[in-house]
2 protein chains.
Amino acid sequence: MGILSGFLGSTPDECKVFIRPVRDVIDIVGGKWTLPVLTALSFKSHRFKELQVQIEGVTSRMLSKALKDLELNGLVEKEVSLENTTIVKYKLTSYGESLDELLVLMRTWGVNHRERIMTI
Amino acid sequence: MGILSGFLGSTPDECKVFIRPVRDVIDIVGGKWTLPVLTALSFKSHRFKELQVQIEGVTSRMLSKALKDLELNGLVEKEVSLENTTIVKYKLTSYGESLDELLVLMRTWGVNHRERIMTI
DNA sequence: CGGCATCCCTAATGATACTG
DNA sequence: CAGTATCATTAGGGATGCCG
């Protein structure tokens with residue numbers, strides 16, 4: 001048994017199977033603009049332009065890509081106004097909210113790690 | 001308050017502060033070979049060559065880099081034999097084991113996500 | 001054996017301009 | 001406003017060879 005007892009199975013071969021879904025998560029939330037978008041949307045729904053203003057440094061190209069990826073993964077949904085189709089709103093889905101627990105744990109570990117690294 | 005209630009603070013400005021440690025985690029475990037190395041070492045300590053054999057496709061350059069990064073972050077430690085300095089062993093530190101809970105949660109979310117994506 | 005140095009390639013990101 | 005298209009740049013990673 002591996003030392004990462006929860007993570008590891010009983011054989012090295014199984015490791016690959018365990019790694020894959022973890023990679024998936026990294027691929028989903030690891031993009032440069034993914035977390036800024038998610039946190040902005042968790043605060044409240046936003047229009048494209050609003051997001052671009054709020055997320056410092058993002059270009060329309062990258063914002064568009066990030067939103068599209070998040071939408072494909074079901075974490076964010078797009079809502080086009082029926083009266084005025086130039087008004088588009090992005091919102092976090094309830095599924096997107098399910099990332100919360102994970103992000104909190106990542107953050108906790110990260111905060112602790114920063115302290116640790118600084119003091120060494 | 002944001003919808004990611006645990007993750008978000010009360011203002012958008014605070015988001016950046018919350019994001020940074022999460023990014024740290026992604027930067028640490030998000031490298032292409034990081035997880036393979038960690039899981040291999042969680043199984044048991046390994047010599048450089050052993051790791052290279054066990055981790056399919058990794059070059060000595062990339063393995064070296066991954067190990068160095070993990071060592072810098074205190075997750076892995078290197079042990080050079082006193083009698084024979086050509087014998088080097090890498091092992092997971094107890095701090096490295098602290099990643100377990102996080103990796104398990106990531107994996108759980110990732111497994112669920114795969115199922116979800118496939119069935120849609 | 002345990003790496004490092006060098007060169008090369010691709011994917012990711014950025015800058016800028018443009019459009020329905 | 002909400003993007004797309006095109007071009008330029010950069011970072012991550014791979015191939016190969018060499019060294020103590």
Side-chain angles (χ1 to χ4, degrees), chain A residues 16 19-20 22-38 40-41 44-73 75-92, chain B residues 16 19-20 22-38 40-41 44-73 75-92:
Chain A
K16 295 169 191 164
I19 288 172
R20 198 182 54 183
V22 180
R23 273 242 71 87
D24 288 346
V25 173
I26 293 171
D27 291 343
I28 289 169
V29 302
K32 182 165 182 181
W33 302 106
T34 316
L35 288 173
V37 168
L38 284 176
L41 291 182
K44 75 182 195 66
S45 296
H46 281 289
R47 298 179 60 175
F48 188 90
K49 181 69 175 181
E50 290 171 347
L51 283 172
Q52 206 178 343
V53 169
Q54 193 163 108
I55 301 172
E56 197 178 347
V58 74
T59 61
S60 61
R61 182 174 119 78
M62 293 317 292
L63 179 56
S64 174
K65 185 183 180 307
L67 287 167
K68 200 168 291 180
D69 289 348
L70 289 169
E71 210 189 333
L72 273 174
N73 281 300
L75 303 172
V76 162
E77 66 187 356
K78 179 178 176 172
E79 192 178 78
V80 182
S81 166
L82 293 176
E83 305 98 54
N84 183 346
T85 53
T86 67
I87 299 181
V88 179
K89 230 174 188 179
Y90 289 94
K91 55 174 61 175
L92 201 63
Chain B
K16 293 169 194 166
I19 289 171
R20 198 183 52 182
V22 181
R23 273 242 70 86
D24 288 346
V25 174
I26 293 170
D27 291 342
I28 290 170
V29 302
K32 182 165 180 182
W33 302 106
T34 315
L35 289 173
V37 168
L38 285 176
L41 291 182
K44 75 182 195 68
S45 296
H46 281 290
R47 297 178 63 174
F48 188 89
K49 182 67 174 182
E50 290 171 348
L51 282 172
Q52 207 178 344
V53 169
Q54 194 162 107
I55 301 171
E56 198 178 347
V58 73
T59 62
S60 63
R61 181 174 120 81
M62 295 316 292
L63 179 56
S64 173
K65 186 181 179 306
L67 286 167
K68 198 168 293 178
D69 290 348
L70 289 170
E71 209 189 333
L72 274 174
N73 280 301
L75 303 172
V76 162
E77 66 187 356
K78 179 178 174 170
E79 193 179 76
V80 182
S81 166
L82 294 176
E83 305 98 54
N84 184 345
T85 53
T86 66
I87 299 182
V88 179
K89 228 172 191 181
Y90 289 94
K91 55 175 60 175
L92 202 64

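Only a predicted model underlies this, so the values are computations on that prediction, with no experimental measurement involved. Just so we're on the same page: letters track the sequence lines, and every chain starts at 1.
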Query raised in the report: With nearest nucleotides of DNA chain C determined for A/Thr86 and A/Gly31 from heavy-atom distances, which residue corresponds to the more 5′ nucleotide?
Result: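 Mapping each residue to its closest nucleotide by heavy atoms, the 5'-most match is A/Gly31.
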Requested in this report: Show your working on side chain to side chain contact (heavy atoms under 4.5 Å, CB included) between B/Phe48 and B/Leu67 and close with a plain yes or no.
Outcome: CA-CA 9 Å; B/Phe48 188 89; B/Leu67 286 167; 3.8 Å; yes
Query raised in the report: When you list every nucleotide of DNA chain D with an atom under 4.0 Å from a heavy atom of chain B, which one comes first 5' to 3', and which comes last?
Result: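 Listed 5' to 3', the contact boundaries are D/dG13 to D/dA15.
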To the closest 0.5 Å, what do you measure between [atom1] ([X]) and [atom2] ([Y])?
X       : Y       : atom1 : atom2 : value
B/Glu50 : B/Lys44 : CD    : NZ    : 5.0 Å
B/Leu51 : B/Leu63 : CG    : CG    : 5.5 Å
A/Lys65 : A/Leu70 : NZ    : CG    : 9.5 Å
A/Ile26 : A/Ile19 : CD1   : CD1   : 10.0 Å

Query raised in the report: Taking any atom under 4.0 angstrom from a heavy atom of chain B, which nucleotides of DNA chain C are the first and last to qualify, 5' to 3'?
Result: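 With heavy atoms of chain B under 4.0 Å away, the range is C/dC1 to C/dT6.
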What nucleic acid atoms does [X] come within less than 4.0 Å of, heavy atoms only: base, sugar-phosphate, or nothing?
X       : result
B/Ser64 : sugar-phosphate
B/Lys89 : nothing
B/Arg47 : sugar-phosphate
A/Lys65 : nothing

Query raised in the report: Quick one: on DNA chain D, does A/Tyr90 or A/Arg61 contact a more 5' nucleotide (nearest heavy atom)?
Result: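 Mapping each residue to its closest nucleotide by heavy atoms, the 5'-most match is A/Tyr90.
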Query raised in the report: What pairs of residues pass the salt bridge (Lys or Arg N to Asp or Glu O under 4.0 Å) test when at least one of them lies in residues 76-88 of chain B, not counting sequence neighbours?
Result: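 Found B/Glu79-B/Lys91.
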Query - Salt bridge A/Asp24-A/Arg20, side-chain N to carboxylate O under 4.0 Å - result: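 Looking at A/Asp24 and A/Arg20, the cut-off is not met.
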Query raised in the report: Do A/Thr34 and A/Asp69 pass the side chain to side chain contact (heavy atoms under 4.5 Å, CB included) test, and can you show the C-alpha distance, the side-chain angles, and the key distance before you say yes or no?
Result: CA-CA 9 Å; A/Thr34 316; A/Asp69 289 348; over 6 Å; no
